[in-house]
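No hydrogens, no waters, no symmetry mates; every other heavy atom, side chains included, goes into these values.
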Amino acid sequence: MTVFSSGLRSSVELKNFRTLNTPLLLNRKRCFGISGIKGHSAVGSSIDPRRSFTKKRERENSLLDGLIADSSFYLATYPQLLQPSSDSMDLLPDLWRHEYWLPPGITWRDMEQMQECPRPRDLLFALPLALGFIVLRLVFDRVVAPPLGRCVGLRNRLRMAVAPATKLESFYTQQNRQPSQSDIISLMAQCDKTQRQIETWFRHRRNHDRPSYTKRFCEACWRFFFYLIAFLAGLATLINKSWFWDQRECWTGYPQQPIERAHFWYYQLELGFYLSLLLCVSVDVKRKDFKEQVIHHIATIFLLGFSYCSNYVRIGTLVMLLHDSSDFLLESAKMFNYGTGWRKTCDTLFVIFAAVFLVTRLVVFPSKIIHTTLVLSMEVFEPFAGYYFFNLLLMVLQALHVFWAVLILRMANKFLFLGKLDKDERSDEESELEEEDDDDDKGEGEEKDEEGECCWERSKDALNAKLKMLNKSFVLNNLTNHRAAIVSKMRKAR
């Protein structure tokens, strides 16, 4: 009775115990004949009811003793029956082994005994939040962003209309957006057009597919508002915490550290936002660092999810706050870059962003965050699988920081020596498609030639019209003078 009463405490454990012992219970009922007790008691008055009841009690006690013995056997064979389980952990039991997620000597049962502890199933809240962010962004792009765009003087570029060409369109959509010289020669034979006409058509077609300034502004505006609100909210919740000033406090009492409600929602909102960015990556503006951005989103999602399950919440909140501190400055610079007449404001914001980015990502992040997780954490627990995985994700983020820092330093170099930031270089970290720079240069030259030819044609027509008018006036003047001379001669003759 001791094993039976102390082992099976929760409803889940009772359910597991009954599932395992159902065949055994049926077999023991058949062996002891419990199902036939009622029939024997109804045979006749020759059987004493008290004696029948006593035999029934003896059989039940024998059955119960057998079940107790079997339960001790099953509990010794399957010790996981004594561990608390959740629906998410039951799906992949090998994945949720505590050796992977928690330091040595700590089990999930120890975590369950703590109040307000982070549970893996809490991460499911991020899925509806991600869908909610997508819907909210659609509303934001139609209601909030357009008035702000008009305030900064947002204007879209005028684009040349693309002439319909079936063969060129099929080549553009099915084969390549930038045809080679051999492709152009074959298209010249198929379409009966010159090389310059084909190149101009492909250039106009690529320009037609590029996102407008309005779409870019809406995307930058949406991210700016989220990063700004997340940074202010995170700073308000962390400014009074001991681990914000002393990173050693991140490991005081680890991993049995209760999570506050504010930090719970901070995690959920950040995770839901990055999930929404990953879901919308196919429809957002594709930039030069598209692959790096996808890697960054995936690494951030894994980092947030793993740090929450392993209760790395304190160090995770510092990582999120550190990233949000410079992201909203970048998005604000992009917003003014798409506007008209905000060049000095845009340059100032970019310089501030570059300084904050280089300090937080290349100095504070490795010296405070990575040093804390790699070195200071070893003062509290021994390394385990989650320790290596978490630090690996931090190293991936640091590699991306170095990549973006090189691009920022390149732009800063141009700013210092040229006195201004080139538009295309400014967007190297958040830039347009790779071929846009070359296409714009070629396009501007060819468009200037075309405009020059058009202007010459118009001026030629105007000159011809003026010459005709002058000729007509000259002829009329000659006729008038000749007539006046004849009249004067006739008067003299008279």
Side-chain angles (χ1 to χ4, degrees), residues 88-89 92 94-108 110-111 114 117-124 126 234 238 241 243-244 246-260 263-264 266-275 278 292 294-325 360-403:
S88 58
M89 295 184 178
L92 298 171
D94 294 334
L95 177 64
W96 295 105
R97 296 182 61 180
H98 59 84
E99 294 87 354
Y100 300 155
W101 300 84
L102 300 173
I106 304 297
T107 62
W108 290 115
D110 299 331
M111 298 295 293
M114 180 181 61
C117 70
R119 294 175 175 82
R121 61 175 176 270
D122 296 339
L123 298 177
L124 297 177
L238 293 173
K241 302 303 177 184
W243 66 85
F244 180 80
D246 184 10
Q247 283 70 46
R248 291 181 182 272
E249 294 295 326
C250 292
W251 311 111
T252 302
Y254 178 82
Q256 295 176 318
Q257 298 170 338
I259 181 174
E260 297 183 6
H263 298 159
F264 168 81
Y266 189 29
Y267 252 83
Q268 297 297 331
L269 291 175
E270 288 276 357
L271 184 58
F273 180 76
Y274 279 102
L275 281 174
L278 190 61
E292 289 79 8
V294 173
I295 295 174
H296 175 268
H297 295 340
I298 295 175
T300 303
I301 291 171
F302 276 101
L303 188 67
L304 291 175
F306 178 82
S307 62
Y308 186 84
C309 295
S310 298
N311 205 10
Y312 277 44
V313 173
R314 293 186 178 182
I315 196 69
T317 53
L318 297 180
V319 173
M320 292 187 292
L321 183 67
L322 193 70
H323 283 73
D324 294 338
S325 62
T360 55
R361 308 292 179 91
L362 299 185
V363 179
V364 179
F365 188 80
S367 63
K368 297 294 183 180
I369 304 300
I370 297 181
H371 176 73
T372 300
T373 57
L374 274 177
V375 180
L376 298 183
S377 61
M378 294 294 94
E379 299 176 0
V380 180
F381 56 85
E382 297 179 359
F384 61 104
Y387 165 82
Y388 298 107
F389 181 70
F390 185 77
N391 285 281
L392 176 62
L393 294 176
L394 292 180
M395 294 298 180
V396 171
L397 290 183
Q398 184 59 28
L400 295 174
H401 296 164
V402 174
F403 169 77

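- Applying the side chain to side chain contact (heavy atoms under 4.5 Å, CB included) criterion to Val402, with sequence neighbours excluded, gives Leu362, Gln398.
- Going from atom CD1 of Ile295 over to atom CG of Leu397 covers 11.0 Å, rounded to the nearest 0.5 Å.
- Contact annotation: the side chain of Thr317 approaches that of Val313 to within less than 4.5 Å [non-hydrogen atoms, C-beta and beyond].
- Ile369 CD1 to Gln247 CD: the interatomic distance, rounded to the nearest 0.5 Å, is 6.0 Å.
- Note on ring orientation: taking the six-membered ring where Trp is involved, the planes of Tyr387 and Phe384 are tilted (angle from 30° to 60°).
- In this structure, Leu374 CG and Tyr388 OH are separated by 10.0 Å, a value rounded to the nearest 0.5 Å.
- With rounding to the nearest 0.5 Å, the separation of CD1 in Ile315 from CG in Leu394 is 8.0 Å.
- Summarising the geometry of Trp251 relative to Thr373, their closest heavy-atom pair is CZ2-CA, 4.0 Å, with the distance given to 0.1 Å.
- A 6.0 Å sphere centred on NZ of Lys241 holds more than 12 heavy atoms belonging to other residues, nucleotides or ligands.
- Counted within 6.0 Å of CD on Glu379, heavy atoms from surrounding residues, nucleotides or ligands total more than 12; the atom is thus considered enclosed.
- Within the 4.5 Å cutoff, the side chain of Leu271 has heavy atoms near those of the Ile301 side chain.
- In this structure, the separation between SG on Cys309 and CZ on Arg121 is 11.5 Å, given to the nearest 0.5 Å.
- Ring geometry for Phe389 versus Phe302: interplanar angle over 60°, hence perpendicular rather than tilted (30 to 60°).
- A side-chain donor-acceptor contact under 3.5 Å links Gln257 to the backbone of Cys250.
- The ring-ring contact (aromatic ring centres under 6.0 Å, His included) test applied to His401 returns His323, Phe365, not counting sequence neighbours.
- Contact record, Leu123 with Tyr308: CD2-CD2, 3.6 Å, taken as the closest heavy-atom pair.
- Annotation for Ser325 and Thr360: closest pair OG-CG2, 3.9 Å, computed over non-hydrogen atoms.
- Asp324 approaches Tyr266 most closely through the heavy-atom pair OD2-OH, 3.7 Å.
- Within 6.0 Å of the CZ atom in Phe381, the count of heavy atoms belonging to other residues, nucleotides or ligands exceeds 12.
- Residues forming a side chain to side chain contact (heavy atoms under 4.5 Å, CB included) with Ser307 (at least two apart in sequence, or on another chain): Tyr267, Tyr312, Phe390.
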Check the pair Leu400 / Arg361 against side chain to side chain contact (heavy atoms under 4.5 Å, CB included), numbers first and verdict last.
-> CA-CA 10 Å; Leu400 295 174; Arg361 308 292 179 91; over 6 Å; no
Run the numbers on Thr107 and Leu102 for side chain to side chain contact (heavy atoms under 4.5 Å, CB included), then give the verdict.
-> CA-CA 7 Å; Thr107 62; Leu102 300 173; 5.6 Å; no
Apply side chain to side chain contact (heavy atoms under 4.5 Å, CB included) to Gln268 and Asp122, showing your working.
-> CA-CA 9 Å; Gln268 297 297 331; Asp122 296 339; 4.2 Å; yes
Between Leu238 and His263, is a side chain to side chain contact (heavy atoms under 4.5 Å, CB included) present by the stated rule, with each step listed?
-> CA-CA 9 Å; Leu238 293 173; His263 298 159; 3.6 Å; yes
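- In plain terms, the two heavy atoms of Leu321 and Gly234 that are nearest each other are CD1-C, 3.9 Å.
- Atom CG of Leu275 is separated from atom OG1 of Thr300 by 10.5 Å, given to the nearest 0.5 angstrom.
- Heavy atoms only, all atoms of each residue included: Thr252 and Arg314 are closest at O-NH1, 3.9 Å.
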